Amino acid sequence: MRDYLNNFDFDMFGINDRCAGIIMLHPDYENRLEKINIDYNFKFLNVFVLGDYDLIITKIGRGTPKDFEDITQSGVLNSIDKIKLDKLMQEAISFQVGQERIQGYWQTFKDRYF
């Protein structure tokens with residue numbers, strides 16, 4: 001997927017793909033992307049969104065109370081494996097600058113909602 005995206009001309013279609021360097025993502029998030037089936041006329045365009053685990057990881061990476069609220073109010077915690085989430089989160093944190101800060105966000109979230 002990454003090779004395809006690297007060769008895709010996002011500017012030609014006005015698509016902004018520059019968030020990958022800004023938000024916290026697990027290194028293998030692409031393996032969990034979910035294809036959206038929508039009715040559109042572009043036969044060559046596939047649209048993918050982050051899976052539940054990776055959406056949570058990005059929200060925890062920001063660490064605001066609103067982000068925590070978004071996660072809990074979405075109901076996503078009822079449909080995921082919390083042990084798997086913890087493993088993915090710890091791995092994602094290990095690749096980030098400011099690991100202590102993000103680890104604190106994660107611990108706070110777990111203390112409140114797990």
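Quick caveat: nothing in here was measured; it's all calculated off a predicted structure.
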Peer 1: Check whether NZ of the Lys or CZ of the Arg K84 lies under 6.0 Å from the centre of the six-membered ring of Y53 and within 45 degrees of that ring's axis.
Peer 2: yes

Peer 1: Quick one: are Y105 and D67 in side-chain contact, heavy atoms under 4.5 Å?
Peer 2: no

Peer 1: Using every non-hydrogen atom in the two residues, find where Q99 and Q96 come nearest and quote the distance to one decimal.
Peer 2: CG-O, 3.0 Å

Peer 1: Treat each ILVMFWY residue as a node, draw an edge where side-chain heavy atoms are under 4.5 Å apart, and state whether L50 and F48 are in one component.
Peer 2: yes

Peer 1: Would you say I83 ends up clustered with L88 if hydrophobic residues are merged whenever their side chains have heavy atoms under 4.5 Å apart, either directly or through other cluster members?
Peer 2: no

Peer 1: W106 versus D86: any side-chain heavy-atom pair under 4.5 Å?
Peer 2: yes

Peer 1: Less than 4.5 Å apart, side chain to side chain, heavy atoms only: is that true for V47 and N37?
Peer 2: no

Peer 1: Within a 6.0 Å radius of atom NZ on K82, are there more than 12 heavy atoms belonging to other residues, nucleotides or ligands?
Peer 2: yes

Peer 1: Check whether Y113 and I93 end up in the same hydrophobic cluster, where Ile, Leu, Val, Met, Phe, Trp and Tyr are linked by side-chain heavy atoms less than 4.5 Å apart.
Peer 2: yes

Peer 1: Taking C-beta and beyond as the side chain, do L85 and F114 meet within less than 4.5 Å on heavy atoms?
Peer 2: yes

Peer 1: Verify the cluster assignment for V97 and I60: are they in a single hydrophobic cluster under the rule of side-chain heavy atoms below 4.5 Å apart?
Peer 2: no

Peer 1: List the steps and the verdict of side-chain contact (heavy atoms from CB on, under 4.5 Å) for Q103 and Q90.
Peer 2: CA-CA 8 Å; Q103 186 65 46; Q90 295 299 338; 2.9 Å; yes

Peer 1: Do K87 and H26 touch side chain to side chain, with heavy atoms closer than 4.5 Å?
Peer 2: no

Peer 1: Assess the side chains of T108 and D111: does a donor N or O sit below 3.5 Å from an acceptor N or O?
Peer 2: no

Peer 1: Taking all heavy atoms of I57 and all of A92, pick out the closest pair and write down the distance.
Peer 2: CG2-CB, 3.9 Å

Peer 1: Give the minimum heavy-atom separation between R32 and D54, together with the two atoms involved.
Peer 2: NE-OD2, 2.8 Å

Peer 1: What are the two closest heavy atoms between F68 and G63, and how far apart are they?
Peer 2: CE1-CA, 3.9 Å

Peer 1: For a 4.5 angstrom cut-off between non-hydrogen side-chain atoms, does E69 reach T64?
Peer 2: no

Peer 1: Do F95 and M89 belong together in a cluster built from hydrophobic side chains that touch within less than 4.5 Å?
Peer 2: no

Peer 1: Between CG of L55 and OG of S74, what distance do you get to the nearest 0.5 Å?
Peer 2: 8.5 Å

Peer 1: Let me confirm one number: the OG1-CZ distance from T72 to R112, rounded to the nearest 0.5 Å.
Peer 2: 10.0 Å

Peer 1: Check this for me: does any side-chain nitrogen of one of D70 and K66 sit under 4.0 Å from a carboxylate oxygen of the other?
Peer 2: yes

Peer 1: For R101, does the CZ atom sit with more than 12 other heavy atoms under 6.0 Å from it, leaving out its own atoms?
Peer 2: yes

Peer 1: Is the shortest heavy-atom distance from the side chain of K35 to the side chain of N46 under 4.5 Å?
Peer 2: yes

Peer 1: Between I71 and V76, what is the shortest heavy-atom contact and its length?
Peer 2: O-CG1, 3.8 Å

